[in-house]
Amino acid sequence: MAVLPFKRKKTTPEIVDTGAMSGSQNVDTKKLKLVIRVSSLSVESIEKRDRILKIVSTVLVYAFLVVMALVIILPFYWMLITSLKTDTEIRATQQTFWPQEVMWSNYADCLGRFNFPLYLCNTLIVGIISTIGTLITTIFAAFAFARLEFRGKDTLFTVFLMTMMIPGEMMVITNYITVANLGMLGADNPVGVFASMIVPFWVSVFYIYLLRQNFKQIPNELYLASKVDGKSDWNYLWKVMVPLSMPTLISIFILKLMGAWNSYVWPNLVADNENYRLISNGLRTAFTTTAGDPEYGLQMAATVLVTVPLLLLFIFFRKYIMRGVGRAGIKG
Amino acid sequence: MERKNNWKAWLYLSPVIILMAVFTFYPLINTIGISFLRDYDYTTGANAGFTFDNFGYVLGLTGIERNGQMVFYTDVIRYAIPNTLIIVFVTVPLSIIVALLIAVGLNSIRWLKSIFQTIFFMPYVTNAIAVGMVFAVIFDYNGLWNFLFGMNNTYWINGGASSANGMFALCVYIVWHALPYKILIFLSGLQNIDKQYYQAAQIDASPRWKTLMNVTVPLLSPQILYIMITSFIGSFKEYSSIVGLFGKSGTSGQGYNNMYTVVYYIYDSIKNNNTHLGSAAAVMLFLVILVFTVIQFKVSKTRVHY
C-alpha cells in the first residue's frame, strides 16, 4: 500500500471494497485500501504533482544559489581581469569581460613600485609575534577559568565577557596616547613601533572564551588521573589539555594571523613611517597618479597579491577557519 | 589545596589581567575622563578644566568662539550620524534576510553543497581595504556597475558623487562583505534543528514559505539574535570599508566629509589632536550601542526560543 501524503485539509478518506467483503462475513482487512480523493485526483497524480513541485522548487533553490554565488564571485573575477587589462581598456565605456590584451607587465610594474616584500615581512612579524603571545595568554587564562577554583572566578569571567560589548573605539584614543607618550612612535624607533602594534593585541577575550569551552569538555577523570600520577597542574596543562585542544588552537592561530593581515586602523595610527607599514596600509595609498587618479590596473595587481595568500590559507585550512568562526554561534 | 589553587589561578591569569588593565580597563576610564576635559592636549596633558561642552560641540549644539564669531561644527550631526544610521538600518536587516535565504537554500540541497558553502564563505577571508578597492573599480564612472545597468553619467564614489549614491555603493559593498559570517552561523544553527519539525510541517501540508516563517525562523531565533547584536555593533563601527571604497579622504569628491561616520570622526580626532572631542564621540557611541544591545536583549526575552 502506498503511503499517502495528506496534502489538503478537506479530504474524506473512504474505504474502497476490493473484494474483501464479498461472500464472506469476516472482513479481510488486508484487502481494504484507503483512498483519499482530492478533487478528482488519484494517488498517482498526487504523487506526480508532488514530484513536479519538488523538482521545480529544487530548481528554484539552485537558481537562487547560483545567482548569489555569481554575485559573490564577481568582485574576485573583476579584480583578476582588471589587473590584467590596459588602463585604456579599464576606462573604456564598453567594459570587457576578458582582457583584450593580457598585461602581465602590470604585475612587474606593481612589484617594482609597491614594496610588497617589505610589507609582507612587517605583517608577518606583527602577525606571528602577536599570535604567539595571544596563544600563551589565552592558554593560561582559559586553563584558570576551566580547571582551577578560585574566589571571584565567575565574576571575573563575566567582566571579561562584558568587555567584548564595549566598542574598541573607547580604548583606541587612550591607547594611542599611552604609546605616543611612552615615546614608542618615532620614525627611528622600530622596536617601539612594532611593540605598539603587537603588545595591545596579546589578549583576546573571545579566544579565551572559545578555549575555555574546549578545555571544559576534557573529562575530569583525566585531571584526577594525572593528579594520582603526581603530575603538577603545569604538566597537565601542557601534556594533556593543550594537545587535546590542538584543533581549536590551530583555529585561533589562523584566525589571528588573518586578523593581522587585515588590520588597518591601529597600524595606520601608529606606523606612520613608510618602513613600518603593514600590508593594508601600504595598499590603500599605492598607485595614485599625481593628478589624483587611481591607476586601477596596478592597484588591482597589488590587490590580487594581498588577496591570494588569504585565499590559499583558506583553501588549506578551510576546516579550521570555518569551525573557529562558526563556533561562536552554536551557543547562541 | 583550596588556598594553593587560589594564588596559582591568579598567576595563570596575571598576563591577561595586566594586559587588560593597561589596554582595556584603564583606557575605558581614561577616555570617559578625557571626554569631560576642555581643550585637552594629549602630548602635554594640558587642559582647561572640567566641561560638558565637548558633547555639545561634537553634536553641533555648542559653538566655539573664533574671531568674535560663534562657530558650530556640524560634520558629525550632518554627515556622520545620518550615515552611521543608514549603514546600520539598511545593511543589517538586508544582509540578515539575504543570508538567511541563502542558508536555508544551502541547507536544503545535497548536490554541490560544499562547493557553494566554500564560495559563500570567500568574502570572509578577504582584506576589507583590498576588496573595497575592487568595489571602487566596479563603481567607477566607467565601471562595471554603470555598464551592466546601463547607467551612464552616474558617479558613485568619486567625481563629486552625491551622498546618496556614495551610500548606495557603500551599502552594496558592506552587505557583500557581511554575508559569509551570517550564512555560516545560520547554517550551523539550521543543521542543529531537529528534522521532526519539518516532517510535522510536511504532514500538515504547510507550504514552504510558511514552514520557513513558522518553524525555521523561531527555531533559529538564538542565532538570529546573536547575529543581530553583533552586526548592529559592527555596523555602528564601520570604518575600513569606507577607507577601502573612498580612499583616505572620507568623501565622494564633494570637497567635504560627506562619507563620514562616527568612528571615522573618532579616528580623525587623534590625528588632529582633538582627542577630547573624539572621546566625547566615543562615549556617545558606546552609550548608543549599549542602549541598542539592551533593547535587543529585552525584545529577545519574549521572542527568542531556546
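All figures in this text were calculated on a predicted structure; none of them were measured in a lab. To find a chain, count down the sequence lines: A is the first, B the second, and so on, and within it residues start at 1.
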> Which distance, rounded to the nearest 0.5 Å, do you find between the CZ of B/Phe286 and the CD1 of A/Ile166?
5.0 Å

> If you count heavy-atom pairs within less than 4.5 Å of chain B, which of A/Val61, A/Ile321, A/Leu310 leads?
A/Leu310

> Mind checking whether B/Leu290 and A/Met165 have side chains closer than 4.5 Å, heavy atoms only?
no

> Kindly indicate whether the side chain of A/Leu148, heavy atoms from C-beta on, has any atom under 4.5 Å from the side chain of B/Leu13.
no

> Going through the checks in order, is the side-chain contact (heavy atoms from CB on, under 4.5 Å) test met by A/Tyr176 and B/Tyr267?
CA-CA 10 Å; A/Tyr176 181 79; B/Tyr267 289 126; over 6 Å; no

> Got a second to check how far A/Ile90's CD1 is from B/Asp140's CG, nearest 0.5 Å?
9.5 Å

> With rounding to the nearest 0.5 Å, note down the distance linking NZ in A/Lys153 to CG in B/Asn6.
11.0 Å

> To the closest 0.5 Å, what do you measure between CG (B/Leu11) and CH2 (A/Trp234)?
9.0 Å

> Over 60° means perpendicular and under 30° means parallel, so classify the ring planes of A/Tyr264 and B/Tyr239, tilted if in between.
tilted

> If you look at every heavy atom in B/Lys237 and A/Gly168, which pair is closest and at what distance?
NZ-N, 3.8 Å

> Do A/Phe145 and B/Val16 make a side-chain contact, defined as non-hydrogen atoms from C-beta onward lying under 4.5 Å apart?
no

> With a 4.5 Å heavy-atom cut-off, do A/Phe150 and B/Lys8 have their side chains touching?
no

> Rounded to the nearest 0.5 Å, what separates atom OG1 in A/Thr88 from atom CG in B/Asn142?
11.5 Å

> Using heavy-atom distances under 4.5 Å, tell me whether A/Leu74 contacts chain B through its side chain, its backbone, both, or neither.
side chain

> Is there a side-chain contact between B/Phe120 and A/Leu65, using heavy atoms and a 4.5 Å cut-off?
yes

> Using a 4.5 angstrom heavy-atom cutoff, name the option from A/Phe160, A/Trp261, A/Trp78 with the most pairs to chain B.
A/Trp78

> When the ring planes of A/Phe143 and B/Tyr12 are compared, do they come out parallel, tilted or perpendicular, using 30° and 60° as the limits?
perpendicular

> Please work out whether the ring planes of B/Trp176 and A/Phe76 are parallel, tilted or perpendicular, with thresholds of 30° and 60°.
tilted

> Pick from A/Leu313, A/Leu269, A/Leu60: which one has the most heavy-atom pairs with chain B under 4.5 Å?
A/Leu269

> Find the one option among A/Thr82, A/Ile279, A/Val172 whose heavy-atom pairs under 4.5 Å with chain B are most numerous.
A/Val172

> Using a cut-off of under 4.5 Å on heavy-atom pairs, state which of B/Val263, B/Ile233, B/Ile289 scores highest against chain A.
B/Val263

> Measuring heavy-atom distances to chain B, does A/Thr163 have an atom under 4.5 Å in its side chain, in its backbone, in both, or in neither?
side chain

> Which bit of B/Leu144 is near chain A, if near means a heavy-atom gap under 4.5 Å: side chain, backbone, both or neither?
both

> What part of B/Tyr264 gets closer than 4.5 Å to chain A, counting heavy atoms only: side chain, backbone, both or neither?
neither

> Hey, mind stepping through A/Val203 and B/Phe23 against side-chain contact (heavy atoms from CB on, under 4.5 Å) and telling me if it holds?
CA-CA 9 Å; A/Val203 172; B/Phe23 294 112; over 6 Å; no

> Indicate the atoms forming the closest heavy-atom contact of B/Ser114 with A/Arg318, along with that distance.
O-NH2, 3.7 Å

> Within a strict 4.5 Å, meaning less than it, do heavy atoms of the B/Phe121 and A/Ile72 side chains meet?
no

> Under a 4.5 Å heavy-atom cutoff, which of A/Thr137, A/Ile136, A/Ile177, A/Thr138 has the most pairs with chain B?
A/Ile177

> So for A/Leu156, is it side chain, backbone, both, or neither that comes closer than 4.5 Å to the heavy atoms of chain B?
side chain

> Measure distances from B/Thr24 to the heavy atoms of chain A and classify the residue's part below 4.5 Å as side chain, backbone, both or neither.
both

> Could you tell me whether a side-chain N or O of B/Thr31 sits under 3.5 Å from a main-chain N or O of A/Met170, the two making a donor and an acceptor?
yes

> Just say parallel, tilted or perpendicular for the rings of B/Phe116 and A/Tyr62, cut-offs at 30° and 60°.
tilted

> Measure distances from A/Ser57 to the heavy atoms of chain B and classify the residue's part below 4.5 Å as side chain, backbone, both or neither.
both

> Given heavy-atom pairs under 4.5 angstrom as the criterion, report whether the side chain, backbone, both or neither of A/Met68 touches chain B.
both

> Which bit of A/Val304 comes within less than 4.5 Å of chain B, counting heavy atoms only: side chain, backbone, both or neither?
neither

> Which residue out of B/Ser240, B/Ser279, B/Gly189 racks up the most heavy-atom pairs below 4.5 Å with chain A?
B/Ser279

> Contact part of A/Ile315 toward chain B, heavy-atom cut-off under 4.5 Å: side chain, backbone, both or neither?
neither

> Identify which part of B/Leu179 has an atom lying under 4.5 Å from any heavy atom of chain A, answering side chain, backbone, both or neither.
side chain

> Heavy-atom distance under 4.5 Å to chain B: side chain of A/Ala69, backbone, both or neither?
both

> For B/Phe25, which atoms come within 4.5 Å of any heavy atom of chain A: side chain, backbone, both, or neither?
side chain

> Between B/Leu28 and chain A, with a heavy-atom cut-off of 4.5 Å, which part of the residue counts as in contact: side chain, backbone, both or neither?
both

> Is chain A contacted by the side chain of B/Thr230, its backbone, both, or neither, given a heavy-atom distance below 4.5 Å?
neither

> Given heavy-atom pairs under 4.5 angstrom as the criterion, report whether the side chain, backbone, both or neither of B/Leu245 touches chain A.
backbone

> Minimum heavy-atom separation for A/Met300 to B/Met133, with atom names?
CE-O, 3.5 Å

> Can you check whether A/Thr174 reaches B/Tyr26 side chain to side chain, under 4.5 Å on heavy atoms?
yes

> Please identify, among B/Val283, B/Ile266, B/Val243, the residue contributing the most non-hydrogen atom pairs under 4.5 Å to chain A.
B/Val243

> Quick one: of B/Pro15, B/Pro180, B/Gly244, who has the most non-hydrogen atom pairs under 4.5 Å with chain A?
B/Gly244

> Please classify the contact of B/Phe135 with chain A as side chain, backbone, both or neither, using a heavy-atom distance under 4.5 Å.
side chain

> Given heavy-atom pairs under 4.5 angstrom as the criterion, report whether the side chain, backbone, both or neither of B/Leu148 touches chain A.
side chain

> Any idea which of B/Gly278, B/Ala281, B/Gly247 has the most non-hydrogen atom pairs under 4.5 angstrom with chain A?
B/Gly247

> Is it the case that the side chains of B/Thr126 and A/Thr307 hold a donor-acceptor pair, with the cut-off being a distance below 3.5 Å and no angle test?
no

> Quick one: which of A/Ala144, A/Ala141, A/Pro167 has the most heavy-atom pairs under 4.5 Å with chain B, could you say?
A/Pro167

> Please check this pair: side chain of A/Asn262 against backbone of B/Ala128, looking for a donor-acceptor N/O pair closer than 3.5 Å.
no

> Measure across B/Asn127 and A/Ser280 and return the closest heavy-atom pair with its distance rounded to 0.1 Å.
ND2-OG, 3.0 Å

> Can you tell me how far apart OH (B/Tyr124) and CE (A/Met258) are? Round to the nearest 0.5 Å.
6.0 Å

> Heavy-atom pairs under 4.5 Å with chain A: which of B/Thr293, B/Ile17, B/Val137 has the most?
B/Val137

